[in-house]
Enquirer: 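Could you have a look at this structure, given as structure tokens, before my questions?
Values in this document were obtained by computation on a predicted structure and should not be read as measured data. Letters A, B, ... mirror the listed sequences (proteins, then strands); counts begin at 1.
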Protein chains: 2
Amino acid sequence: MTSQDLISQANGIPEEINGLRMTRQRQEIYKLLMGERSHPTANEVFMRIKESLPNISLATVYNCLEALVQHHIIRQVNFDREPSRYCPNLDEHGHFHDEATGTIHDVKFKPGINLTDILDLPPHTVIKDVEITLRGQLAFS
Amino acid sequence: MTSQDLISQANGIPEEINGLRMTRQRQEIYKLLMGERSHPTANEVFMRIKESLPNISLATVYNCLEALVQHHIIRQVNFDREPSRYCPNLDEHGHFHDEATGTIHDVKFKPGINLTDILDLPPHTVIKDVEITLRGQLAFS
DNA sequence: GCAGAAAATTAGAATCATTCCGAATTGTAT
DNA sequence: ATACAATTCGGAATGATTCTAATTTTCTGC
């Protein structure tokens, strides 16, 4: 039994996801994102992850987040030029940014809706990624 | 007749749009954007605008673009964390980023489509702004 | 298990789009 | 004309992100 096995056992997260070796740091960051609905920034992840990994560096947080994004384990979400946020929800969905509170809500498509049905795309287009972001306010919650 | 009048006369652009005084710099930048379908970045605008305004500063380009955006005269478009791009098309539309060539194409909605018809928004939401961006490739043009 | 290779992590420096600052210029109103 | 406000300007500052080089950890073949 390798130390990698032990890490995985303790975390309940497999040793590898989508071909990415889940090191301790990647596991903890992934676990943190799964437990948060708040779409944290890299810096927010960095501050919160220190509870479980006091010696982690910001560079590693960026490295891990990038690795997780590139292996389609999490998604990176950008609002205008604000710091990137990270999201463990892989379903096709958009993001609503409530300006009053600063919170971000996932927005699902209504059932049966296909993006390509509603957009007038140039012919022969292969779409790799779609990002839908909405800004506004929750009038009275 | 003020110098402002003269500027406007020569450019064919009104002295004021949406409550924003159209200075020489703002006019030239607006005119440049109207003539380009290329969604240039601030720096690209800066380089091209020097032909008509050799002494303009990059700070002014940023100032003008921001003023034009805030007065809803142009739109700011962001792809991931790349430099912002600017677009004179005010119709509700999305942007397709062709990874092969780096070019950006406006994407219209099919007629009769309303964003709120297809998204499952939280109740009592007031949407101020929508951004739809697509990444992919033009298979064979 | 062990040597060597490969991958991951780290701290700090570097990058680069954008914003800020203070001074100078231009425009507007009286 | 004179004063007050808005705009422009060059350069410095900011801040998220990326890069670099060194160290540590993990993996592979014996």
Side-chain angles (χ1 to χ4, degrees), chain A residues 1-9 13-30 39-47 49-50 52-71 73 76-86, chain B residues 1-9 13-30 39-47 49-50 52-71 73 76-86:
Chain A
M1 178 175 278
T2 67
S3 61
Q4 188 66 249
D5 293 331
L6 287 169
I7 294 169
S8 293
Q9 216 171 1
I13 289 175
E15 284 176 59
E16 197 177 302
I17 303 181
N18 293 356
L20 180 71
R21 181 153 60 86
M22 290 301 275
T23 62
R24 180 84 205 280
Q25 287 86 341
R26 290 174 185 158
Q27 286 184 17
E28 291 292 341
I29 287 173
Y30 180 51
H39 302 78
T41 64
N43 200 55
E44 285 164 357
V45 169
F46 178 52
M47 291 188 300
I49 207 73
K50 278 179 177 166
S52 49
L53 299 167
N55 298 320
I56 198 169
S57 77
L58 181 56
T60 300
V61 172
Y62 274 102
N63 286 345
C64 290
L65 289 170
E66 189 191 355
L68 291 167
V69 167
Q70 283 185 338
H71 287 77
I73 301 168
Q76 182 170 11
V77 181
N78 298 296
F79 282 92
D80 303 328
R81 300 226 90 239
E82 292 173 25
S84 289
R85 297 176 172 277
Y86 298 87
Chain B
M1 178 176 279
T2 68
S3 61
Q4 188 67 248
D5 292 332
L6 287 170
I7 294 171
S8 293
Q9 213 171 6
I13 288 176
E15 284 178 58
E16 197 177 302
I17 304 181
N18 294 355
L20 180 71
R21 182 154 60 87
M22 291 301 277
T23 62
R24 179 84 205 282
Q25 287 85 342
R26 289 173 186 160
Q27 286 183 15
E28 290 293 340
I29 288 173
Y30 181 51
H39 301 80
T41 63
N43 200 55
E44 285 164 357
V45 170
F46 178 52
M47 291 187 300
I49 207 74
K50 279 179 177 165
S52 49
L53 297 167
N55 298 320
I56 198 170
S57 77
L58 180 56
T60 300
V61 172
Y62 274 102
N63 285 346
C64 291
L65 290 170
E66 189 191 356
L68 292 167
V69 167
Q70 284 184 340
H71 287 77
I73 301 168
Q76 182 170 12
V77 181
N78 297 296
F79 282 93
D80 303 329
R81 302 225 90 242
E82 291 172 26
S84 289
R85 298 175 170 278
Y86 298 88

Enquirer: Cut-off 3.5 Å, side chains only: do A:Ser84 and A:Gln76 have a donor facing an acceptor?
Expert: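 Short answer, yes.
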
Enquirer: Take the protein atom CE of B:Met22 and the nucleotide atom C1' of C:dG27, then report the distance between them rounded to whole Å.
Expert: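 In whole Å, C:dG27 C1' lies 16 Å from B:Met22 CE.
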
Enquirer: Check B:Ala42 against B:Leu58 and note the closest heavy-atom contact, atom names and distance.
Expert: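 Between these two residues, the closest heavy atoms are O-CD1, 4.3 Å.
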
Enquirer: How sharply is the helix from C:dG1-D:dC30 to C:dT30-D:dA1 bent, taking the axes over five pairs at either end and rounding to 10 degrees?
Expert: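 The end-segment axes of the helix from C:dG1-D:dC30 to C:dT30-D:dA1 are tilted 40° relative to each other.
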
Enquirer: Dump the pairs, protein N or O against N or O of nucleotides 3-7 of chain D, anything under 3.5 Å, distances to one decimal.
Expert:
| unit_1 | atom_1 | unit_2 | atom_2 | d |
| --- | --- | --- | --- | --- |
| D:dT7 | OP1 | B:Arg26 | NH1 | 3.0 |
| D:dT7 | OP1 | B:Arg26 | NH2 | 3.3 |

Enquirer: Got A:Thr23 and A:Arg26 here, is their nearest side-chain heavy-atom distance under 4.5 Å?
Expert: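 Counting from C-beta outward, A:Thr23 and A:Arg26 do come under 4.5 Å.
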
Enquirer: Rounded to the nearest 0.5 Å, how far does CG of A:Leu53 lie from CZ of A:Phe46?
Expert: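 One finds 11.0 Å between CZ of A:Phe46 and CG of A:Leu53.
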
Enquirer: Where the side chain of B:Ser57 is defined as all heavy atoms beyond and including C-beta, which of D:dC19, C:dT18, D:dG10 is the nearest nucleotide?
Expert: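 Among D:dC19, C:dT18, D:dG10, the one nearest the side chain of B:Ser57 is D:dG10.
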
Enquirer: Under the 3.5 angstrom rule, does the side chain of A:Arg81 hit a backbone N or O of B:Glu82 as a donor-acceptor pair?
Expert: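 Pair found, side chain donor or acceptor close to backbone of B:Glu82.
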
Enquirer: With heavy-atom distances below 4.5 Å as the criterion, would you say the side chains of A:Asn78 and B:Asn78 are in contact?
Expert: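 Heavy-atom side-chain distance check fails, nothing below 4.5 Å.
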
Enquirer: List in numerical order all residues of residues 77-84 of chain A for which some heavy atom is under 4.0 Å away from an atom belonging to DNA chain D.
Expert: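 When residues 77-84 of chain A is checked for heavy atoms under 4.0 Å from DNA chain D, the hits, listed by number, are A:Pro83, A:Ser84.
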
Enquirer: Tell me: CZ of B:Arg24 to P of C:dT26, nearest whole Å?
Expert: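 After rounding, the gap between these two atoms is 13 Å.
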
Enquirer: Test your reading of the model: is there a side-chain donor-acceptor pair from A:Arg85 to the backbone of A:Phe79, 3.5 Å cut-off?
Expert: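 Side chain of A:Arg85 to backbone of A:Phe79: no pair is present.
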
Enquirer: One pair to check against side-chain contact (heavy atoms from CB on, under 4.5 Å): A:Gln27 and A:Met22. What are the steps and the verdict?
Expert: CA-CA 6 Å; A:Gln27 286 184 17; A:Met22 290 301 275; 3.7 Å; yes

Enquirer: Remember a base hit wins even if backbone is also touched, and classify A:Asn43 as base, sugar-phosphate or nothing at under 4.0 Å, heavy atoms.
Expert: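 Here A:Asn43 touches no strand at all.
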
Enquirer: Quick one: A:Ile29 CD1 to C:dA8 P, roughly how many Å, whole number?
Expert: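 Checked: the CD1 to P distance equals 13 Å.
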
Enquirer: Could you state the CG-C1' distance from B:Leu58 to C:dA17, rounded to the nearest angstrom?
Expert: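 From B:Leu58 CG to C:dA17 C1': 9 Å.
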
Enquirer: Roughly how many Å is it from CZ in A:Phe46 to P in D:dA16, rounded to a whole number?
Expert: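 Going from CZ in A:Phe46 over to P in D:dA16 covers 13 Å.
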
Enquirer: Roughly how many Å is it from CD in B:Gln27 to P in C:dT26, rounded to a whole number?
Expert: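 Going from CD in B:Gln27 over to P in C:dT26 covers 16 Å.
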
Enquirer: Using side-chain heavy atoms (C-beta onward) and a distance below 4.5 Å, is A:Leu68 in contact with A:Tyr86?
Expert: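 When only atoms from C-beta onward are counted, A:Tyr86 and A:Leu68 do not touch, as no gap falls below 4.5 Å.
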
Enquirer: When you match A:Arg85 and B:Asn63 each to their closest nucleotide on DNA chain D, which lands nearer the 5' end?
Expert: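 Upstream on the strand: B:Asn63.
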
Enquirer: Can you check whether A:Ile17 reaches A:His71 side chain to side chain, under 4.5 Å on heavy atoms?
Expert: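 In short, these two side chains do not touch, never coming nearer than 4.5 Å.
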
Enquirer: What is the distance, to the nearest angstrom, from the OH atom on A:Tyr62 to the C1' atom on D:dT20?
Expert: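 From A:Tyr62 OH to D:dT20 C1': 17 Å.
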
